[in-house]
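Since the structure comes first, as structure tokens, the remarks are kept for the end.
Bear in mind the structure is a predicted one, so any value in this text is a computation, not a measurement. Side-chain atoms are counted along with the backbone in the values below, which use heavy atoms only and exclude waters and symmetry mates.
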Amino acid sequence: MDIKVIGRKVAVTEALHDYAIEKVGSATKVINVEIPEVEVVLRVEKTRAIPCICEVTLRLKGHTIHVEEHEEDMYAAIDVAAAKVLRQLRKYKTRVIDHRMRETLKDAAPAEAGQTDFDELMAELSADDEVVRVKEIEFEPMTEQDALIQIDLLGHDFFVYTDRDSNEVNVLYRRKDGGYGLLKPKAE
């Protein structure tokens with residue numbers, strides 16, 4: 001596996017280079033999937049509140065996994081990005097194994113022990129895909145301006161609210177390139 005570490009607007013020291021290779025490399029080795037090329041881009045943007053950015057791109061056969069993480073420290077950004085890469089690879093492998101194993105099981109008559117092993121493997125690999133928290137909220141009717149104030153006060157990336165004028169549920173979200181986006185139901 002070839003891991004390229006590239007710096008944009010930041011000098012990549014040898015320690016930072018080795019740390020990125022160690023973290024991302026160990027995340028990719030845990031999942032036994034052949035990955036021909038991994039690119040790690042480290043950059044700093046002085047105009048952002050959270051300036052250090054780590055982007056990891058993995059090119060697999062027919063698939064691309066891309067992760068981008070923002071942190072205040074470059075080492076922390078690499079840690080979080082490596083953890084996210086591991087989760088994405090687990091999802092990828094789960095889908096590949098699930099598809100291939102089900103095809104194999106359709107072709108050959110499965111033994112009871114083989115089916116149990118498969119079920120245990122699928123339960124282990126899909127553990128990250130479970131809902132871990134459910135939160136009930138009340139939708140108070142509000143204007144778009146009120147929703148903008150709420151999203152800033154809460155510090156969330158999105159905010160769901162009921163529009164006071166149309167009485168429809170809207171989603172306000174923070175865009176990566178700055179500004180906000182608004183998702184509304186399509187008018188019929």
Side-chain angles (χ1 to χ4, degrees), residues 1-104 114 116-135 151-152 154-158 173-179 181:
M1 170 177 42
D2 182 31
I3 300 177
K4 296 178 187 173
V5 181
I6 302 167
R8 293 195 181 134
K9 298 182 185 177
V10 66
V12 179
T13 63
E14 189 175 329
L16 196 58
H17 181 270
D18 293 343
Y19 189 79
I21 288 178
E22 177 190 340
K23 287 295 183 174
V24 175
S26 66
T28 56
K29 287 178 185 171
V30 169
I31 303 298
N32 192 17
V33 175
E34 185 178 328
I35 304 169
E37 181 182 345
V38 179
E39 184 178 271
V40 179
V41 178
L42 307 175
R43 60 188 166 104
V44 175
E45 292 187 7
K46 295 178 181 172
T47 58
R48 290 185 169 264
I50 303 174
C52 297
I53 302 166
C54 177
E55 294 180 39
V56 181
T57 306
L58 292 92
R59 289 179 181 78
L60 304 160
K61 294 177 183 176
H63 297 285
T64 300
I65 296 175
H66 181 78
V67 172
E68 181 176 325
E69 283 303 318
H70 303 256
E71 292 292 328
E72 294 195 18
D73 178 47
M74 191 59 76
Y75 289 96
I78 293 169
D79 287 340
V80 175
K84 206 170 191 180
V85 163
L86 181 61
R87 284 194 305 273
Q88 293 292 333
L89 282 171
R90 279 191 181 139
K91 283 183 184 180
Y92 168 76
K93 190 169 181 183
T94 300
R95 290 184 183 129
V96 169
I97 288 175
D98 184 29
H99 179 71
R100 289 182 183 161
M101 290 290 280
R102 294 216 188 268
E103 291 298 320
T104 304
T116 305
D117 291 343
F118 174 72
D119 291 339
E120 288 174 6
L121 176 64
M122 292 310 299
E124 178 183 323
L125 290 174
S126 65
D128 288 341
D129 294 342
E130 295 178 21
V131 175
V132 294
R133 182 176 182 214
V134 175
K135 185 176 181 180
I151 196 171
D152 283 336
L154 294 171
H156 290 169
D157 292 331
F158 69 94
Y173 63 95
R174 191 179 318 264
R175 296 176 51 90
K176 287 184 180 180
D177 60 350

For residues [X] and [Y], determine if any side-chain heavy atom of one lies less than 4.5 Å from a side-chain heavy atom of the other.
| X | Y | answer |
| --- | --- | --- |
| V56 | E39 | no |
| I65 | T57 | no |
| M74 | V44 | yes |

Closest non-hydrogen atom pair between [X] and [Y], with its separation:
| X | Y | value |
| --- | --- | --- |
| V40 | C54 | CG1-SG, 4.0 Å |
| E72 | P51 | CA-CD, 4.3 Å |
| A82 | A27 | O-CB, 3.5 Å |
| H70 | I50 | C-CG2, 3.4 Å |
| L42 | V10 | O-CG1, 3.3 Å |
| V12 | G7 | CG2-CA, 3.4 Å |

Got a salt bridge between [X] and [Y], using NZ or NE/NH1/NH2 to carboxylate O under 4.0 Å?
| X | Y | value |
| --- | --- | --- |
| R59 | E37 | yes |
| R43 | E55 | yes |
| E45 | K9 | no |

Trace of the side chain to side chain contact (heavy atoms under 4.5 Å, CB included) decision for Y75 with L16: CA-CA 8 Å; Y75 289 96; L16 196 58; 3.7 Å; yes
Would you give the length of the straight line joining atom [atom1] of [X] to atom [atom2] of [Y], rounded to the nearest 0.5 angstrom?
| X | Y | atom1 | atom2 | result |
| --- | --- | --- | --- | --- |
| E68 | I53 | CD | CD1 | 6.0 Å |
| I151 | F158 | CD1 | CZ | 8.5 Å |
| K23 | D18 | NZ | CG | 13.5 Å |

Stepwise side chain to side chain contact (heavy atoms under 4.5 Å, CB included) test for I78 and Y19: CA-CA 8 Å; I78 293 169; Y19 189 79; 4.0 Å; yes
Residue from D79, V67, L89 passing side-chain contact (heavy atoms from CB on, under 4.5 Å) with K84: V67
Main-chain N/O of H156 paired to R174 side chain as donor or acceptor, under 3.5 Å: yes
Test log, rule side chain to side chain contact (heavy atoms under 4.5 Å, CB included), inputs D2 and V38: CA-CA 6 Å; D2 182 31; V38 179; over 6 Å; no
